[in-house]
Amino acid sequence: MKRILVTGGAGFLGSHLCDRLLDLGEDVLCIDNFFTGSKRNISHRFSHPHFELLRHDVTFPLYVEVDQIYNLACPASPVHYQHDPVQTTKTSVHGAINMLGLAKRLRAKILQASTSEVYGDPEMHPQREEYWGRVNPIGIRSCYDEGKRCAETLFFDYHRQLRLEIKVMRIFNTYGPRMHPNDGRVVSNFIVQALKGEDITIYGDGQQTRSFCYVDDLIEGMIRLMGTPPDFTGPVNVGNPGEFTMLELAERVLQLTASKSKLIFKPLPEDDPRQRKPDINLAKTKLGWEPKVSLEDGLKETIAYFEKTIANNSFGIRS
Ligand SMILES: NC(=O)c1ccc[n+]([C@@H]2O[C@H](COP(=O)([O-])OP(=O)(O)OC[C@H]3O[C@@H](n4cnc5c(N)ncnc54)[C@H](O)[C@@H]3O)[C@@H](O)[C@H]2O)c1
């Protein structure tokens, strides 16, 4: 049994990762400052003998004994990361320094949850790992994009300078149960609006595209990446290359929820990329991974989760 630290473990992806690791028989230490995460996401594990939860902010050093570290702590949606942009950059940069320092002391393998946002508003489509990106360094999204880029730099410098075993995963849009309902992300927005019979908000003309990866596929990719040989560092794209316009997504959600909501159009937010789609050839070759869950099946699971959440009002959803 390995002792595994998951930072941001009470969040959307982190809680699914804790579940998978426990199911694999590992010992999990979940740390979180509960900025966007919630105890609700992991409360079903509280009595598990190999699960431990610690309230901790990664911008401060942490002294624990573990064999592996998954560094996921960071708010991921624009409404949350723009709420306190200075803290967002600190979480990515100081958080990476603190977790890399811990990994260095323990000689532990460490995985960074990076993001497709490191590609910014890309001129290359689909995005491959060699592409350096087109990121605005002074815009309202920069605290997140540049914070994550700096974290990648730190990971590779610790690897080159201190021979630390690192894995860098560039995560593309992921959705599924336990997403925060009020975080402004498109899948949760559309589903919650459709279930409540409210207007569905489309930004711009709705022709911008995104790819959506179901959470179970993503976590499988993450665990496989951690299991790769020491000479494979990434960065590696993990996401679903299936591409949908916002209008197509809205129509599927309306159909699956049998909702009578209407579509309304609002101006595009600043620096919103027009297209985002991963090239996953590296993940296919190195991880033997590709997504398996269709958008339709993933949406059904997610809709079922939000139906329950709204019925219990368990996330304080405005009614
Ligand atoms: N979900 C996606 O589509 C997506 C895409 C790209 C990258 N990512 C990355 O994956 C990771 C997890 O994303 P998520 O979607 O689960 O988001 P999330 O907001 O649900 O989870 C982030 C977790 O980190 C915690 N956190 C934030 N700041 C912290 C700090 N200073 N110290 C300790 N904990 C802190 C939050 O409370 C939350 O539990 C993030 O690093 C994010 O950048 C996610």
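In listed order, ligands and their atoms are each counted from 1. Computed from a predicted structure; not experimentally measured. Atoms considered below: every heavy atom in the structure, side chains included; atoms not considered: hydrogens, waters and symmetry mates.
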Within the protein, residues bringing a heavy atom under 4.0 Å of ligand 1, chain by chain: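 Residues within 4.0 Å of ligand 1: Gly8, Ala10, Gly11, Phe12, Leu13, Asp32, Asn33, Phe34, Phe35, Thr36, Gly37, His56, Asp57, Val58, Leu72, Ala73, Cys74, Pro75, Ala76, Gln87, Thr91, Ala113, Ser114, Thr115, Tyr144, Lys148, Ile171, Asn173, Thr174, Arg185.
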Practice item. Give me the ring orientation class for His50 and His48: parallel if the planes are under 30° apart, tilted from 30 to 60°, perpendicular past 60°. Key: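 The rings of His50 and His48 sit tilted, inter-plane angle from 30° to 60°.
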Compile the donor-acceptor pairs under 3.5 Å between side chains in residues 282-291 and protein atoms, sequence neighbours left out, one pair per line.
residue: Thr285; atom: OG1; partner: Asn281; partner atom: O; Å: 2.7
residue: Trp289; atom: NE1; partner: Asp217; partner atom: O; Å: 2.9

*Please answer: with hydrophobic residues joined when any side-chain heavy atoms are less than 4.5 Å apart, are Phe172 and Ile280 in the same cluster?*
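In one cluster: no.
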*By salt bridge (charged side-chain N to carboxylate O under 4.0 Å, His left out), which residues pair with Glu243, not counting sequence neighbours?*
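Salt bridge (charged side-chain N to carboxylate O under 4.0 Å, His left out) check on Glu243 returns Lys277.
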Inset, instruction - From the options Arg170, Arg149, Lys148, Arg141, select the one residue that forms a salt bridge (Lys or Arg N to Asp or Glu O under 4.0 Å) with Glu117. - result: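 When Arg170, Arg149, Lys148, Arg141 are each tested with Glu117, the salt bridge (Lys or Arg N to Asp or Glu O under 4.0 Å) holds only for Arg141.
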inquiry  = Taking transitive links into account, so neighbours of neighbours count too, which hydrophobic residues share a cluster with Leu102 at under 4.5 Å side-chain distance?
reply    =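 Grouped by the 4.5 Å side-chain rule, Leu5, Leu29, Ile31, Leu54, Val58, Leu62, Val64, Val66, Ile69, Val93, Ile97, Met99, Leu100, Leu106, Ile110, Leu154, Phe155, Phe156, Tyr158, Leu162, Leu164, Ile166, Val168 form the rest of the cluster around Leu102.
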